[in-house]
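Data first, discussion second: the structure below is written as C-alpha cells.
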Amino acid sequence: MDEYNFKKIERKWQEKWNDQSFMENGYSIRGKKYYSLTMFSYPSGSNLHIGHWYNYGPADTFSRFKRMLGYDVFQPQGFDAFGLPAENFAIKHNIHPAKSTQNNIDTMKSQLDSIGALYDWHKTVTTSQKEYYRWTQWLFLELYKNNLAYRKKATVNWDPIDQTVLANEQVLADGTSERSGALVEQKPLEQWFFKITNYADELLSFDQIDWPKKTIRMQEHWIGKSVGATLKFNIDKFDYNIEVFTTRPDTLFGATYLVLAPEHPLVNKITTDSQKDDILSYVKEISKKNELQRTDLNKDKSGIFTGSYAINPINGKNIPIWIGDYVLAGYGSGAIMAVPGHDERDYEFARKYKLSIVQVVDGPDVDIDNEAYCKDGIVINSDFLNGLSTKDAKIKIIEHLEKKNIGKSKIQFKLKDWLISRQRYWGTPIPIVYDPEGNPHPVPDEHLPWELPDDVEYKPKGTSPLGTSNELIDRTEKIFGKGWKPEIDTMDTFVCSSWYYLRYPDNKNTSSPFDKKIINDILPVDIYIGGAEHATMHLLYARFVTKALRDLGYLDFDEPFKKLYHQGTITKDGSKMSKSKGNTVSPDQFIEEYGSDTFRCYLMFMGPFDEGGDWNDKGIKGIYRFLNKLINICNKPNTDTSELKFQKIIHKTTKGVTADLKKIKFNTAISKIMSCLNELTSANSLSLKEKHILIKLISPFAPHLAEELWEELNDKNISIFNHFWPEHDENLALDDTITIAIQVNGKLRGNVEVEKDKDKDSIIELSKQNKNVSKFLDGKSIIKEIYVPSKLVNIVVK
RNA sequence: GCCGAGGUGGUGAAAUUGGUAGACACGCCAGAUUUAGGAUCUGGUGCUCUUUGGGCGUGAAGGUUCGAUUCCUUUCCUCGGUACCA
C-alpha cells in the first residue's frame with residue numbers, strides 16, 4: 001500500500017460490509033451462536049458523540065474477534081425512538097415527531113456506518129414504528145390479561161416542566177426530574193402499573209448471570225428486601241389501630257412511642273383538640289416542602305405530638321403517638337414503633353423531644369446514655385424474652401404475636417410497582433378503551449396496532465395530548481360504540497426497551513412478537529455492553545419482562561442478559577462531558593484527521609474499557625503512527641520463510657493478544673501488537689504467512705485497514721472476517737533463553753541469561769559469579785538461597 | 001452515613017497463585033533528514049547522589065515475608081451510586 005488513504009479505504013469497506021453477499025462469501029456458519037448486544041440509542045439528530053463511539057466501537061471489536069473465533073455472531077442495532085426529546089423538538093419547530101425522528105434515524109444510521117461496525121441491519125428495530133409498537137401493545141395486554149398490569153389512583157411524581165408523571169427511578173435523590181431538572185411534585189392520579197413486585201424475590205437471584213458486582217448491588221439495594229414483622233397497636237380512647245412494620249420485633253418492650261408519617265390517614269382522626277392547631281400547621285408546612293428540602297432535614301428531625309396514646313400490645317403500656325418528618329409515607333405502612341434505645345433515628349428524636357428511652361438489649365459496648373445500641377445482643381427488661389439472643393427473641397416474639405393475633409412475620413420490599421403511564425404524545429398508546437361506565441377493556445387484537453393519532457395538540461397542558469385527537473375519539477366510538485372513550489396516556493419508553501432484544505432476531509414477524517423457537521435458540525444475550533446508568537431501570541425492567549413472558553409460556557429462559565459489561569466514561573478535564581459545561585469533544589474532527597480506525601483504536605488504547613478515561617487530543621498520534629508502521633511492515637519484501645526470531649515474536653504476540661481479547665483487555669492487547677511491530681521494523685523481509693497473522697491480529701481493532709491489507713496480500717473477494725483467528729504455536733511462543741534476576745537480600749544486583757531448561761544449582765552458581773553480585777557477597781556468610789524458577793535468584797547474606 | 005471502584009513518572013497507563021515497578025503510548029530532550037516548519041526516522045527520558053556504581057520510589061503510617069503496587073491493620077483523599085426504607 002502506497003500511503004494510508006484512510007478516507008478512501010474506510011468508505012470502500014463500509015460499503016462492502018453492507019453488501020450481504022460479500023459478507024457471506026466464504027463464511028460458513030459454525031454453529032456456535034453468540035448474541036452480542038449494545039444498548040440501542042436514542043436518535044437525537046446531532047452527530048454521534050464520544051459516548052456512542054466508546055460503546056459501539058470496542059463492542060464491535062469484541063464481536064469481530066468472536067466471529068473470527070468461529071462463532072455465529074448476531075450483532076443487531078436499532079433505535080429507541082419514542083420519547084420526550086422528539087416531542088419537545090416537535091413543539092419547538094412545529095415538525096411532526098414521526099418526521100423528525102425518521103430524519104434523525106437516517107442521519108444516525110449513516111453516522112453509525114462511520115464506526116464501521118458489522119451490524120445486522122436487516123434485523124433492526126425502531127420502537128416508534130407501528131410494526132414494533134403493535135407488539136409493545138401486545139406485551140401490555142398480555143400483562144393486563146394476566147393481572148400483571150393494573151390501574152389505580154396513586155400519588156405520583158409529577159414533573160411540572162415536562163407535564164408528565166415520572167417513575168420513581170426517574171426522580172433523582174434531590175427530588176428533581178432526571179430529564180427536565182424540575183422539582184418533582186406529588187399529585188394523585190389514575191395510573192397504569194406493571195406488577196414488577198410479584199417478581200421481587202426472583203429478581204434478587206443473580207445466580208445465572210455474570211454481571212458487575214456493583215450493578216448487582218444496586219439492584220439488590222433498589223429491591224430492598226427486609227425481613228421483619230407487622231404489628232398492630234390499638235389506640236387509647238379510639239376504635240382505630242395503627243399497623244407498623246419493624247425489622248426488630250425483638251425490641252418491642254423498648255417501644256416507647258409511635259411515629260406516623262405526616263401524610264398518614266389516621267393523623268386527622270386521632271389528633272386531640274388541644275393539639276389540632278399545631279398538627280395542622282405542621283402538616284401544612286411539611287406538605288409545602290419538596291423532597292429535596294425534606295431530605296435536607298436529615299440532621300434535624302422534627303415532629304409533633306398528636307395528643308393520643310397507643311397501647312403497647314406486649315406490656316399494655318400507654319405510649320404517645322407523634323407524627324414526624326422522618327417517617328416516610330411510602331414505605332411499609334407509613335408508621336413506625338420507635339425503639340429509641342436501639343435505633344439511631346429514634347434515639348435522636350427521643351432526645352430532642354425528651355421521650356423515654358428504655359434499654360432492652362445488652363451487649364459488650366452498650367452506652368445507652370450517649371447513643372443507641374443497634375447491634376445484636378442479649379435481651380433484657382423484656383419479660384419472657386429476657387436472656388435470649390436478639391436472634392432467638394425475634395422468632396419467639398413473632399410466634400407469640402401470631403398466636404395473640406396482633407402481629408405476623410412479614411417481608412417488606414422497597415421496590416414498588418412500575419408506573420408506566422405518561423401524559424405525553426410521543427409514545428406507545430396504551431391499548432385500552434373505557435365503556436360508558438368507565439370500566440377499562442383491552443383493545444381486541446384485530447384492532448392492533450392501536451395507532452398513535454396524528455391530529456393532536458402537542459403542547460403540554462397537564463392532560464394527555466391524545467385527548468385532543470378527534471380521530472382517536474371517533475375511532476373508539478366507531479369500533480366500540482357511543483360513549484366509549486380511549487385511554488389517552490401513552491407508555492413509558494422503558495416499556496419499549498424492556499423487550500427489544502427479543503424482537504431483533506425475528507424482527508419481521510407479523511403474526512407474533514417473536515417466534516419461540518428462534519428466541520430460545522439465540523437468547524439469552526451472551527454479552528450486553530452499555531452504560532452503568534441503567535442499572536436500576538432498564539436492566540431491572542428487562543429482567544422482569546423476560547421472567548413474566550417466561551411464566552406466560554412465550555420463552556424458556558430466565559434471564560435476558562447472561563453477561564453484562566459496562567464501558568467506562570470518557571471525561572474531559574476530569575468531568576463528564578456535557579453541553580451545559582461546554583466541555584464536549586466531537587469525534588468528527590479526529591475522524592477527519594486520522595480516520596475511524598485510528599479513532600476507535602485510540603479509545604481502546606487509552607485505558608481499561610470498563611474504566612473509561614480522560615480525553616487527551618495528543619495521544620491519538622501514537623495510534624496513527626502505529627497503523628502506518630503496520631503498513632510499512634506489510635510493504636516489506638515477501639520471503640518464503642521469515643527469520644525464526646520474527647516468527648517467534650509473532651507467535652508470542654498472538655498468544656498474548658488472544659488472551660487479552662478474551663478478557664476484554666483491549667488496551668494491553670494493542671500495546672502487545674505495538675511492541676511486536678517495533679521489533680519487526682528491523683526485519684528486511686517477512687513471509688506472507690507472518691504478514692497474514694499480523695493483519696488478523698489487528699483486524700478487530702482497525703477493521704477497514706485490515707480488510708484493505710488483506711485484499712492486497714491475500715483473498716481478493718473474501719473478507720478477512722470470514723477467516724479464522726490465528727492460533728499460536730506454543731513452541732514458537734516460548735523463549736529459548738530466559739533472563740534471571742539476581743537479588744542479594746532482596747535487592748536487584750544483576751541479571752544472568754540462561755537456557756530455559758538450565759538446572760537450579762548451576763543458575764545459583766552462575767549468579768554468585770556475576771561481578772556486581774559477588775562484591776555484595778564478599779566477606780558475608782550466605783544464610784539462604786532462594787530460586788524462583790525462570791524468574792529470579794535471591795541470596796540472603798549476613 | 002452506607003455500598004462500589006480507585007490512588008503508581010510531566011501525562012494516559014502496565015505489572016495476579018507475593019518474585020527485575022513504570023511495559024506500551026503521549027509529551028519532553030538530543031541527533032538524522034528538510035531552505036525552514038511540519039511529517040518521518042534513531043537514541044534518551046521515575047527522582048536523586050560522590051554516576052562502570054549506589055540511595056530512594058506505587059496516597060500516608062505500621063505489620064507479615066528472604067522479597068510487598070500485590071497480603072494484613074490503621075488512616076487520608078478522589079470518583080460513581082445511594083440516601084431517614086423502620
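All of these numbers come straight from a predicted model, not from anything done at the bench.
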Using the [atom1] atom as the point on both nucleotides, what is the distance between [M] and [N], in whole Å?
N: B/U45; M: B/C26; atom1: P; value: 16 Å
N: B/G6; M: B/A86; atom1: C1'; value: 33 Å
N: B/A36; M: B/C49; atom1: P; value: 37 Å
N: B/G18; M: B/U58; atom1: C1'; value: 15 Å
N: B/G54; M: B/C2; atom1: C1'; value: 49 Å
N: B/U35; M: B/U8; atom1: P; value: 46 Å
N: B/U64; M: B/C29; atom1: C1'; value: 44 Å

Are A/Phe605 and A/Phe626, when compared by the centres of their aromatic rings, separated by less than 6.0 Å? no

At 4.0 Å (heavy atoms only), tell me whether [X] reaches a base, stays on the sugar-phosphate, or touches nothing.
X: A/Asn628; result: nothing
X: A/Lys672; result: nothing
X: A/Gln412; result: nothing
X: A/Asp346; result: nothing

Quiz item: A/Lys301 side-chain donor-acceptor pair to B/C84 base, under 3.5 Å: yes

Where does the angle between the aromatic ring planes of A/Tyr528 and A/His538 fall among parallel (under 30°), tilted (30 to 60°) and perpendicular (over 60°)? perpendicular

Check the angle between the aromatic planes of A/Phe349 and A/Tyr353 and answer parallel, tilted or perpendicular using the 30° and 60° thresholds. tilted

Please determine, for the side chain of [X], which listed nucleotide ([options]) has the closest atom?
X: A/Thr246; options: B/G27, B/A86, B/G55; result: B/A86
X: A/Asn616; options: B/G53, B/U11, B/G19; result: B/U11
X: A/Met606; options: B/U20, B/G12, B/A86; result: B/G12

A/Phe666: partners by ring-ring contact (aromatic ring centres under 6.0 Å, His included), with sequence neighbours left out: A/Phe609

